[in-house]
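Beneath this line is the structure, given in structure tokens, with notes to follow.
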Amino acid sequence: MNPLQRVARNPTAYRWLVLTARPVAEVLEAVLRFITAGRLGVLDLTGLPNVQITAPGRKTGLARTATVQCVPADDGLLVVGSNWGRDRHPSWSANLKAAQRVSVRRRGHRFTAKVRLLTGEERDRAWAAALAHWPNYQIAQDRAGGRRFRLFLLTPTA
């Protein structure tokens with residue numbers, strides 16, 4: 001585990017990051033992705049698994065790309081719409097909710113994935129897996145108040 005990952009996994013440091021340093025992290029992510037042509041971002045530096053998801057905007061139809069942390073799942077990747085624990089869903093999650101397929105870039109490889117919003121027991125199992133992988137999701141969920149995070153399963157297509 002690299003030193004940045006150790007800091008990011010620390011609940012106290014994560015709370016500080018969510019409460020005060022979020023804007024800096026978001027700007028740094030954008031700058032790093034721009035400079036490295038999308039190959040490197042903040043999540044990469046911290047050693048956390050992530051993907052870049054490109055989906056059509058639900059209103060404009062224009063391609064929208066977001067970098068999100070992911071959790072490996074048996075049949076694909078799980079992404080959590082935590083939005084740093086804010087009281088509204090991230091805009092990329094509304095685009096995923098409206099899309100049937102998205103383009104995914106992971107570690108330089110691109111593939112098309114089927115998108116499925118998880119509900120019910122399936123969502124509960126996926127939430128448990130997400131927490132086992134990244135316990136700090138619970139900090140963000142507690143901070144979000146009554147908003148329940150959207151969980152999506154991205155399954156690669158043939």
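Being a predicted model, the structure only gives us computed values, none of them experimental.
- Here the closest heavy-atom approach between residue Val80 and residue Ala130 is recorded as CG2-CB, 4.1 Å.
- Both Trp134 and Leu131 belong to a common hydrophobic cluster when Ile, Leu, Val, Met, Phe, Trp and Tyr are linked at side-chain heavy-atom distances under 4.5 angstrom.
- Scored by the side-chain contact (heavy atoms from CB on, under 4.5 Å) test, Val42 finds Leu28, Glu29, Leu32 as partners (sequence neighbours excluded).
- Each ring pair (Phe, Tyr, Trp, His ring centres under 6.0 Å) pair with one or both residues in residues 28-54, not counting sequence neighbours, would appear here, but there are none.
- Hydrophobic cluster membership differs between Val51 and Leu43, with clusters built from Ile, Leu, Val, Met, Phe, Trp and Tyr side chains linked at under 4.5 angstrom.
- Among residues two or more places apart in sequence or in another chain, the side chain to side chain donor-acceptor pair (under 3.5 Å) test is passed with Ser93 by Arg150.
- Between Ala144 and Phe149, the closest heavy-atom pair is CB-CE2, 3.7 Å.
- Side-chain N or O atoms of Asp142 include none that pairs as donor or acceptor with a backbone N or O of Ile139 at under 3.5 Å.
- Atoms OG and NE2, from Ser82 and His89 in turn, are 11.5 Å apart once rounded to the nearest 0.5 Å.
- The closest side-chain heavy-atom distance from Val79 to Ile53 is below 4.5 Å.
- In this structure, Leu48 CG and Gln69 CD are separated by 5.0 Å, a value rounded to the nearest 0.5 Å.
- Checked against side-chain contact (heavy atoms from CB on, under 4.5 Å), Ile35 has the following partners two or more places apart in sequence or in another chain: Val31.
- Considering all non-hydrogen atoms of both residues, Ala99 and Val102 come closest at CB-CG1, 4.2 Å.
- Between Ala126 and Leu78, the closest heavy-atom pair is O-CD2, 3.3 Å.
- Rounded to the nearest 0.5 Å, atoms OG (Ser91) and CG (Leu96) are 10.5 Å apart.
- What you find for Gly38 and Gln52 is that their closest heavy atoms are O-OE1, 3.2 Å.
- For Arg101, there are no side chain to side chain donor-acceptor pair (under 3.5 Å) partners at least two apart in sequence or on another chain.
- One N or O on the side chain of Asn95 and one on the backbone of Arg58 form a donor-acceptor pair closer than 3.5 Å.
- For the atom pair CG of Leu117 and CG of Leu151, the computed distance is 8.5 Å after rounding to the nearest 0.5 Å.
- Nearest heavy-atom pair across Leu77 and Pro72 is CD2-CA, 4.0 Å.
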Full working for side chain to side chain contact (heavy atoms under 4.5 Å, CB included) between Leu153 and Asp75
CA-CA 9 Å; Leu153 180 63; Asp75 47 354; 3.7 Å; yes
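- Each side-chain hydrogen bond (donor to acceptor under 3.5 Å, both in side chains) pair with one or both residues in residues 106-131, not counting sequence neighbours, appears once here: Arg116-Glu122, Asp124-Arg148.
- Here Ser103 contributes atom OG and Leu154 contributes atom CG; the two are 11.0 Å apart, rounded to the nearest 0.5 Å.
- The line from CZ of Arg105 to CZ of Phe111 is 12.5 Å long, rounded to the nearest 0.5 Å.
- Put simply, the side chain of Val68 reaches to within 4.5 Å of the side chain of Trp92, judged on heavy atoms.
- Between Arg33 and Glu26, none of the side-chain N atoms (NZ, or NE/NH1/NH2) sits under 4.0 Å from a carboxylate O, so this pair counts as no salt bridge.
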